[in-house]
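Note that the coordinates shown come from a computational prediction; the quantities given were computed from them, not determined experimentally.
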Amino acid sequence: MVYITGMIKTTYLILIVCLLTILPFSAQADLPVPFAETGYAAVAFDAERLAAELSTATGMAINPLFCISALGAYGYYSTAEQLRAGVPWHLSPKFWLPLAIVMFLIFLKDSSKVALPKILLVPLDALELLIEKNTSALIALPVLLSGVASGQFVQMEQVSASLYESLFPVAIAAEGLATAANSLPVPSELTAATVLTSMMVITVFIVVWLLSQAFNFLILLCPFSWLDMLLAAGKNSLLMLIIGLTAVNTWLGFILSAIIILLSLFFLSKTIRLVLFGTIMSWDTVLYRLFDCPGKVPNPEKGIQSFAGSYLNNIPLLSRGTVFNKNNILHFRSRPGLLSATQTVTTGIKASESQLVNGILTPVIHRVKISEQEGEERVTRYPVFRVRACYRQHLAETAQVLGMEINDEVSLASKFKEGLRWFQSLFQPASGIETRPV
């Protein structure tokens, strides 16, 4: 129930932001002539065009920079030469050409992963995620809204108009669609159908972009360069597949886009947590590793800021919170839902049986279990919490606050093994350690 309530509130917030965002774009746009003169009902419904429009919004969310550059270049060069001076701003080479150059530079950086180890490229990858990925998404939103305002999503507007007529039949019967739209407290050019279309397009973009950004952070978390490149190639291949299928057969592209949209909605709560985790981790990596800023000194009263792993039952994976030691038992304080109240749980893990390991990306709290197998002592480590990288420069103080041993002599091979184990745990259900509220 907590997650459902949080998702509903988040959806409302997305819709409000979309409505406020589209006003400056739509207020300056003229309605397409067929709609302005004859109304939506007189326009023939084109299912294939609707499928292509949804595929466009989906592809834009997967890789905004590539789609903006590719669609901009295609729109510009497919326009008659004598008309190119009057193309929309997002089709002008002054807009999409610099973005294409940035995309090419990123391609060169990614190509170097074949020769360079992952540990050297992590800060640069984190910087790319913070700047390029987020900025390209913000650039893509005005492009999509401009497309809605100029009538490029004509079939989605027709669906929106039909939806509006079904929701408000009394208003439509009394005044007609245009009059009812003019009664809204917005500019007269902004129809109810335009508002609903913008909400639909931006909602699709946001949920798919969250899934795409979560995948980008999975690539960053991947401990090996070759696996990193395979994941990146898989994501780019998916985008090319959507574009290719839409060009060859619109319905095939639509089916693939619909599957991606449904998966994005299904994993929405998980992708939000992963994007939050990746953003904070990337920020720490850039700030404290790339720019070598002074680290955060741990405070015993506030605890250690960390993210939960998959070995904890009853705590969502990658929940953000603080770990603290109480009576030699590790406790975790967090918000289990997006907008829920803070709660504290006891993990039952003894601090004296745990270790703080300096991993490749960030420090990790391990539960150490020693057992005997065939007469030999066997040590098993479970990555329970991933500590923020801002504590990396004060690892000894952090371990002292938590009351556990520090293991800073782990070999590089062991660090990669730990990173792979953490990466695999992101896809596994919670198991192993029971938690209960305090």
Side-chain angles (χ1 to χ4, degrees), residues 273 276-277 280-281 284-285 287-289 293-336 341-372 377-412 414-415 417-419 421-422 425-426 430-438:
R273 284 197 299 272
L276 176 63
F277 164 74
I280 294 176
M281 189 193 68
D284 286 350
T285 301
L287 201 61
Y288 301 107
R289 291 184 59 182
C293 293
K296 188 179 184 68
V297 179
N299 188 336
E301 297 180 357
K302 295 183 178 180
I304 305 301
Q305 299 178 27
S306 308
F307 292 87
S310 65
Y311 290 99
L312 298 173
N313 292 333
N314 306 321
I315 297 180
L317 177 64
L318 298 181
S319 294
R320 181 190 179 191
T322 56
V323 180
F324 59 95
N325 183 345
K326 185 176 181 181
N327 300 326
N328 196 33
I329 300 296
L330 295 182
H331 291 63
F332 187 63
R333 185 187 300 113
S334 66
R335 295 180 183 271
T342 302
Q343 75 169 21
T344 303
V345 299
T346 175
T347 64
I349 302 174
K350 293 183 179 180
S352 57
E353 297 179 354
S354 305
Q355 287 183 350
L356 183 61
V357 179
N358 191 10
I360 294 178
L361 297 175
T362 62
V364 182
I365 297 176
H366 284 254
R367 181 193 183 189
V368 181
K369 188 176 181 181
I370 301 176
S371 60
E372 288 191 8
E377 187 179 85
R378 182 177 181 181
V379 179
T380 306
R381 292 181 173 88
Y382 301 94
V384 184
F385 294 103
R386 182 168 286 273
V387 179
R388 285 188 57 179
C390 57
Y391 296 103
R392 179 188 289 271
Q393 298 175 358
H394 301 279
L395 209 62
E397 294 91 333
T398 304
Q400 184 178 2
V401 168
L402 293 174
M404 62 180 61
E405 294 181 355
I406 182 174
N407 189 349
D408 199 19
E409 299 179 356
V410 180
S411 63
L412 187 60
S414 298
K415 290 184 178 182
K417 185 177 180 180
E418 177 275 324
R421 186 162 58 245
W422 175 271
S425 70
L426 298 177
S431 61
I433 302 174
E434 292 291 337
T435 61
R436 56 183 178 81
V438 176

Partner set under side chain to side chain donor-acceptor pair (under 3.5 Å) for T435, not counting sequence neighbours: none
Results of side chain to side chain contact (heavy atoms under 4.5 Å, CB included) for V368 - residues two or more places apart only: Q355, I370, V379, R381
Listed partners of F324 passing ring pair (Phe, Tyr, Trp, His ring centres under 6.0 Å), at least two apart: H331
Minimum heavy-atom distance L330-A351, with the two atoms named: CD2-CB, 4.1 Å
Residue list, side chain to side chain contact (heavy atoms under 4.5 Å, CB included) with Q343, at least two apart or on another chain: P336, V345
Heavy-atom closest pair, residues L356 and P363: CD1-CB, 4.0 Å
Heavy-atom pair with the smallest gap, counting every atom of I406 and A396: CD1-N, 3.8 Å
Whether R367 side chain and V384 backbone form a donor-acceptor pair below 3.5 Å: no
Results of salt bridge (Lys or Arg N to Asp or Glu O under 4.0 Å) for R289 - residues two or more places apart only: none
Any residue meeting side chain to side chain donor-acceptor pair (under 3.5 Å) with T344, in chain and number order, not counting sequence neighbours: none
Side chain to side chain contact (heavy atoms under 4.5 Å, CB included) partners for Q400, two or more places apart: none
Heavy-atom closest contact (A308 atom, I315 atom, distance): CB-CG2, 3.7 Å
Heavy atoms from other residues, nucleotides or ligands near CD of E405 exceed 12 (cutoff 6.0 Å): no
Flag side-chain contact, heavy atom, 4.5 Å: I280 against R388: yes
Among T362, L318, I365, side chain to side chain contact (heavy atoms under 4.5 Å, CB included) partner for R386: T362
Contacts of type side chain to side chain donor-acceptor pair (under 3.5 Å), residue R320, not counting sequence neighbours: none
Partner residues of H394 under the ring pair (Phe, Tyr, Trp, His ring centres under 6.0 Å) criterion, sequence neighbours left out: none
Side chain to side chain contact (heavy atoms under 4.5 Å, CB included) against L287, all qualifying residues, sequence neighbours excluded: W283, C293
Side-chain heavy atoms of I349 within contact of S354, under 4.5 Å: yes
Shortest non-hydrogen contact between P316 and S319, atoms and distance: O-OG, 2.6 Å
Partner set under side chain to side chain donor-acceptor pair (under 3.5 Å) for N299, not counting sequence neighbours: none
Partner of P298 by side chain to side chain contact (heavy atoms under 4.5 Å, CB included), out of I304, V387, L395: I304
Atom pair CG/CE of N328 and M404 - distance to nearest 0.5 Å: 9.5 Å
Heavy-atom side-chain proximity of T347 to F385 below 4.5 angstrom: yes
Residues forming a ring pair (Phe, Tyr, Trp, His ring centres under 6.0 Å) with Y391, sequence neighbours excluded: none
Minimum heavy-atom distance V364-P383, with the two atoms named: CG1-CB, 3.8 Å
Any side-chain heavy-atom pair of K296 and Q305 under 4.5 Å: yes
